[in-house]
Asker: 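Supplied in structure tokens, the structure appears directly below.
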Amino acid sequence: FYKMASNTAPLPSYHLSTEILGHTGDVRAVKTFTVNDESCDYVLTASRDHTACLWIRQEGSEILLRKTISHHKGYVSSLCVIPADDSSGMDKPLIVTGSQDNQILVHSMDPDIQEPLEQYSGHTGLVSCIIYQHNNIVSVSWDSTMRIWKTATQCDTIQAHKPAVWAISGLYQFDETKRALTGGADKVIRLWELPTKICIQEYIGHSDVIRDIKVINCDIFLSAANDCSIRKWNIHTAQCLREYNGHEAFVYSVSPFINGLEDDFASCGEDGTLRVWRDGDCVQVIQLPCISVWSVSCFDNDDIVVGSSDSIARVFTKEITRKASDQHISNFLSKLEEHKLSKSNKSIDVQNLPNMEALSEPGKKTGDTKLINNNGNAEVYQWDTESMQWVKIGDAIGEAPKNGNIYKGKEYDYVFDIDIDDEGPYMRKLKLPYNKTDDPFDSAEKFLNEHDIPIWYLDQVADFIMKNADVQFTGAAISDPFTGGGRYIPGQGNN
């Protein structure tokens, strides 16, 4: 659960603080913020259950639900906060949500005001990211565009990336030049001069889809991508200054700490982990009991909140007074062990495992684990740098594959055969793996990313999964103007 790097001096490690329960679908986005003159923190969460929630944490108390936002017709994909502005008489921040239904809504923090204050319509694809810059909402979407909104009905539109724009981060906190960075499915990051709508710089280096961008200061920004890496860039020269490796799958989100240091941040991704980086080194890896950790955001006090595919947002802390109870942490570790066992597809030959004497050899790096034969039982141990010892995290139980549906060495309930027509001489024959416990939209999205198929076919592929796996999904699929017939045509599948 807590894996510490062995090449650094011991640092205060993060522990579970609390779990934020209430959503019934993936928590796809999280955002923390504070309000002037209030001694509390706020957390925003956005979910595949079509809702966003505003939570409040006062010092020494649990996180409590303050408001539920439920006006979108698709899942809520992005969050933004418009800061309070005393000069205009707005004494409280406003909440902005973007959705799979292509809409952007502005909401009051007041739980008694339920209806949205404004609706911004214009995008023709999922709204993937939103910022507020120089009194304008700026949004990016899977429709390939960035939109700079003058009013709820008027905007400047920039064709930013093809086929989809995933990320945007503004420089408004560090200069007055009205510039913003965007990243997309074309693996390129671009710097835009918003008033002129001109791209003034490109940053090339990632080998897969750009998922997140965070500006650190007027010279430096970080980017996260599906190539499993995080990169640090010089804004002015477009030079990649450093690459941070450690994640074992797509990196979805990165969040700098409040100290503003270039190499101090938190990240999360498809490997189900939250990772803490200090001075450029990964000093802690926290494994969560889920497939995907979608989003991460740091509080001003260095606590960290993440949203994940098991419908839960979790807060982690270094402060002992905010640490969860022993019982709460024990329950969390039990969930983690159950999740690991559910992913196991191999039978374990216990007799051929090393015995307890193997634990006398120290671990070498962050995340080292060992399977040990302890009197005929297969036990899992992790190396803990802080205590300089191996710590048992559970028992290992494996099963042989039951139905023979294997994809890349893993067993699935279904492995569909998909025929893709690329308008070339031959059809591409691809495999689409799926488990009944998975979200069909998540599986479809991963399939499209893996095979470089445009993201606007998401609904078509998800619908194919639901029909052929007999899945009942409560989320409403949103029709996209690009899905009405095209060259990517899912064929008939079998399991």
Asker: So, R275 side chain and C268 main chain: donor-acceptor pair closer than 3.5 Å or not?
Answerer: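 Not a single qualifying donor-acceptor pair exists.
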Asker: Checking Y434 against F447 for the ring pair (Phe, Tyr, Trp, His ring centres under 6.0 Å) test, could you report, in this order, the C-alpha distance in whole Å, the side-chain angles of both residues, the deciding distance, and whether it holds?
Answerer: CA-CA 10 Å; Y434 179 72; F447 173 77; over 10 Å; no
Asker: Backbone N or O of N102 within a donor-acceptor pair of the S99 side chain at under 3.5 Å?
Answerer: no
Asker: Passes salt bridge (charged side-chain N to carboxylate O under 4.0 Å, His left out), E270 versus K446? Steps please.
Answerer: CA-CA 10 Å; E270 181 63 18; K446 292 167 189 174; 2.6 Å; yes
Asker: Compute whether any side-chain donor of one residue and acceptor of the other, for S108 and D110, lie under 3.5 angstrom apart.
Answerer: no
Asker: Using a distance-only test with no angle check, is there a side-chain donor-acceptor pair under 3.5 angstrom linking S70 and H50?
Answerer: no
Asker: Where do K232 and E262 land on the salt bridge (charged side-chain N to carboxylate O under 4.0 Å, His left out) test, with the steps shown first?
Answerer: CA-CA 8 Å; K232 179 171 73 173; E262 298 171 3; 3.3 Å; yes
Asker: Mind checking whether V209 and W166 have side chains closer than 4.5 Å, heavy atoms only?
Answerer: yes
Asker: Just verifying a value: how many Å separate S308 OG and W294 CH2, rounded to the nearest 0.5 Å?
Answerer: 10.5 Å
Asker: Which atom names give the shortest non-hydrogen contact between S121 and Q119, and what distance separates them?
Answerer: OG-NE2, 3.3 Å
Asker: Quick check against the 3.5 Å criterion: does H236 have a side-chain atom that pairs as donor or acceptor with the backbone of C218?
Answerer: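 Flag set: sc H236 to bb C218 pair under 3.5 Å.
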Asker: Using side chain to side chain donor-acceptor pair (under 3.5 Å) as the criterion, list what pairs up with E248, not counting sequence neighbours.
Answerer: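 Scan of E248 (side chain to side chain donor-acceptor pair (under 3.5 Å), adjacent residues dropped) gives none.
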Asker: Do L94 and M109 have side chains that get closer than 4.5 Å, going by heavy atoms?
Answerer: no
Asker: Does NZ belonging to K318 count more than 12 external heavy atoms closer than 6.0 Å?
Answerer: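 More than 12 heavy atoms, drawn from other residues, nucleotides or ligands, come within 6.0 Å of this atom.
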Asker: With a 4.5 Å limit on heavy-atom distance, are the side chains of C240 and Y203 in contact?
Answerer: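 C240 does not reach Y203 side chain to side chain.
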Asker: Is there a side-chain contact between F257 and D264 in this structure, where contact means two heavy atoms from C-beta onward sitting under 4.5 Å apart?
Answerer: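 Sidechains of D264 and F257: in contact.
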Asker: What verdict does the ring pair (Phe, Tyr, Trp, His ring centres under 6.0 Å) test give for Y412 and Y414, after you've listed the backbone C-alpha separation in whole Å, the side-chain angles of each residue and the deciding distance to 0.1 Å?
Answerer: CA-CA 5 Å; Y412 292 87; Y414 299 91; over 10 Å; no
Asker: Do D143 and H123 pair up side chain to side chain, a donor and an acceptor below 3.5 Å, judged on atom types alone?
Answerer: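 Distance-only check passes for D143 and H123.
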Asker: Does a donor on one side chain sit under 3.5 Å from an acceptor on the other, for Q287 and T273?
Answerer: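 Per modelled atom types, Q287 and T273 side chains form no pair under 3.5 Å.
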Asker: Can you confirm whether the side chains of W55 and T45 place a donor and an acceptor under 3.5 Å from each other?
Answerer: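 Per modelled atom types, W55 and T45 side chains form a pair under 3.5 Å.
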Asker: When you check the side-chain N and O atoms of W192 and T182, is any donor under 3.5 Å from an acceptor?
Answerer: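 Distance-only check passes for W192 and T182.
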Asker: Between E118 and Y120, is there a side-chain donor-acceptor contact under 3.5 Å, judged purely by atom types and distance?
Answerer: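 Looking only at side-chain atoms, E118 and Y120 do form a donor-acceptor pair, the distance falling under 3.5 Å.
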Asker: Can a donor-acceptor pair be found, under 3.5 Å and without considering hydrogens, that links the side chain of E193 to the backbone of C199?
Answerer: no
Asker: Any sub-3.5 Å donor-acceptor pair from D186's side-chain atoms to H161's backbone N or O?
Answerer: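 No.
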Asker: Which distance, rounded to the nearest 0.5 Å, do you find between the OG of S309 and the CG of D438?
Answerer: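 So the gap between those two atoms works out to 8.5 Å.
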Asker: Taking atom NE2 of H72 and atom CG of L105, what is their separation to the nearest 0.5 Å?
Answerer: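 Here the rounded value is 4.0 Å.
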Asker: With no hydrogens and no angle check, just 3.5 Å: does a side-chain donor-acceptor pair link S443 and E445?
Answerer: no
Asker: Step by step, would you call L79 with I130 a side-chain contact (heavy atoms from CB on, under 4.5 Å)?
Answerer: CA-CA 6 Å; L79 297 166; I130 307 169; over 6 Å; no
Asker: Indicate whether the side chain of S77 and that of Q100 have a donor and an acceptor atom separated by less than 3.5 Å.
Answerer: no
Asker: If we only count heavy atoms from C-beta on, is the L222 to F265 side-chain gap below 4.5 Å?
Answerer: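 Yes, side chains in contact.
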Asker: Assign the ring pair F464 / F416 to parallel, tilted or perpendicular, where the plane angle (0 to 90°) is split at 30° and 60°.
Answerer: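 Perpendicular: the ring planes of F464 and F416 meet at over 60°.
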Asker: Please test Y14 against I304 for side-chain contact (heavy atoms from CB on, under 4.5 Å), starting from the C-alpha separation and ending with a verdict.
Answerer: CA-CA 9 Å; Y14 277 87; I304 304 170; 3.7 Å; yes
Asker: Is the closest side-chain donor-acceptor distance between H23 and T51 under 3.5 Å?
Answerer: yes
Asker: Any non-hydrogen side-chain atom of M146 less than 4.5 Å from a side-chain atom of K197?
Answerer: no
Asker: To the nearest 0.5 Å, what is the distance between SG on C290 and CG on D310?
Answerer: 5.0 Å
Asker: Can V254 and V251 be said to form a side-chain contact (heavy atoms from CB on, under 4.5 Å), step by step?
Answerer: CA-CA 8 Å; V254 61; V251 187; 5.8 Å; no
Asker: By the definition side-chain contact (heavy atoms from CB on, under 4.5 Å), identify the one residue from R211, E243, R231 that meets it with H206.
Answerer: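 Testing H206 for a side-chain contact (heavy atoms from CB on, under 4.5 Å) against R211, E243, R231 leaves exactly one candidate, R231.
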Asker: Side chains of T32 and S297: is there a donor and an acceptor less than 3.5 Å apart?
Answerer: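 On atom types as modelled, these side chains qualify, holding a pair under 3.5 Å.
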Asker: Backbone N or O of C298 within a donor-acceptor pair of the S255 side chain at under 3.5 Å?
Answerer: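 Confirmed, S255 side chain pairs with C298 backbone.
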Asker: Measuring from N226:CG to H247:NE2, what's the distance to the nearest 0.5 Å?
Answerer: 12.0 Å
Asker: Angle class for the W233/F221 ring planes (parallel below 30°, perpendicular above 60°, tilted otherwise)?
Answerer: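 Taking F221 first and then W233, their aromatic rings lie parallel (interplane angle under 30°).
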Asker: Does a side chain donor of either S39 or Q58 reach within less than 3.5 Å of an acceptor in the other side chain?
Answerer: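 No, no side-chain donor-acceptor pair sits under 3.5 Å.
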Asker: Nearest 0.5 angstrom please: I291 CD1 to D271 CG, how far?
Answerer: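 CG of D271 is found 12.5 Å from CD1 of I291.
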Asker: Could you tell me whether R278 and D263 make a salt bridge, using a distance below 4.0 angstrom between a side-chain N and a carboxylate O?
Answerer: no
Asker: Taking it one step at a time, do K214 and D212 satisfy salt bridge (charged side-chain N to carboxylate O under 4.0 Å, His left out)?
Answerer: CA-CA 7 Å; K214 291 293 174 14; D212 197 14; 2.9 Å; yes
Asker: For the backbone of I113 and the side chain of K67, can you confirm whether one donor and one acceptor N or O come within less than 3.5 Å of each other?
Answerer: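 Side chain of K67 to backbone of I113: a pair is present.
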Asker: Who passes side chain to side chain donor-acceptor pair (under 3.5 Å) against D208, sequence neighbours left out?
Answerer: none
Asker: Start with the C-alpha distance between I258 and D302, add both sets of side-chain angles, then the distance that settles side-chain contact (heavy atoms from CB on, under 4.5 Å), and finish with yes or no.
Answerer: CA-CA 7 Å; I258 192 66; D302 274 1; 3.7 Å; yes
Asker: Taking V127's backbone N and O only, do any of them form a donor-acceptor pair with S78's side chain (distance below 3.5 Å, no angle check)?
Answerer: yes
Asker: In terms of side-chain heavy atoms, does T317 have a donor or acceptor partner in D303 at a distance below 3.5 Å?
Answerer: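 Note: T317 and D303 side chains meet the donor-acceptor criterion.
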Asker: Under the rule for side chain to side chain donor-acceptor pair (under 3.5 Å), what residues qualify as partners of S47, not counting sequence neighbours?
Answerer: D49
Asker: Check whether any side-chain heavy atom of L16 sits under 4.5 Å from a side-chain heavy atom of V315, and report yes or no.
Answerer: no
Asker: Is it the case that the side chain of R190 and the backbone of A160 share a donor-acceptor pair, with hydrogens and angles ignored and the cut-off at 3.5 Å?
Answerer: yes
Asker: With a 3.5 Å distance limit and no angle check, can you tell me whether N217 reaches the backbone of I220 through a side-chain donor-acceptor pair?
Answerer: yes
Asker: Considering only heavy atoms from C-beta outward, does the side chain of R66 approach that of Y42 to under 4.5 Å?
Answerer: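 Side-chain contact under 4.5 Å: yes.
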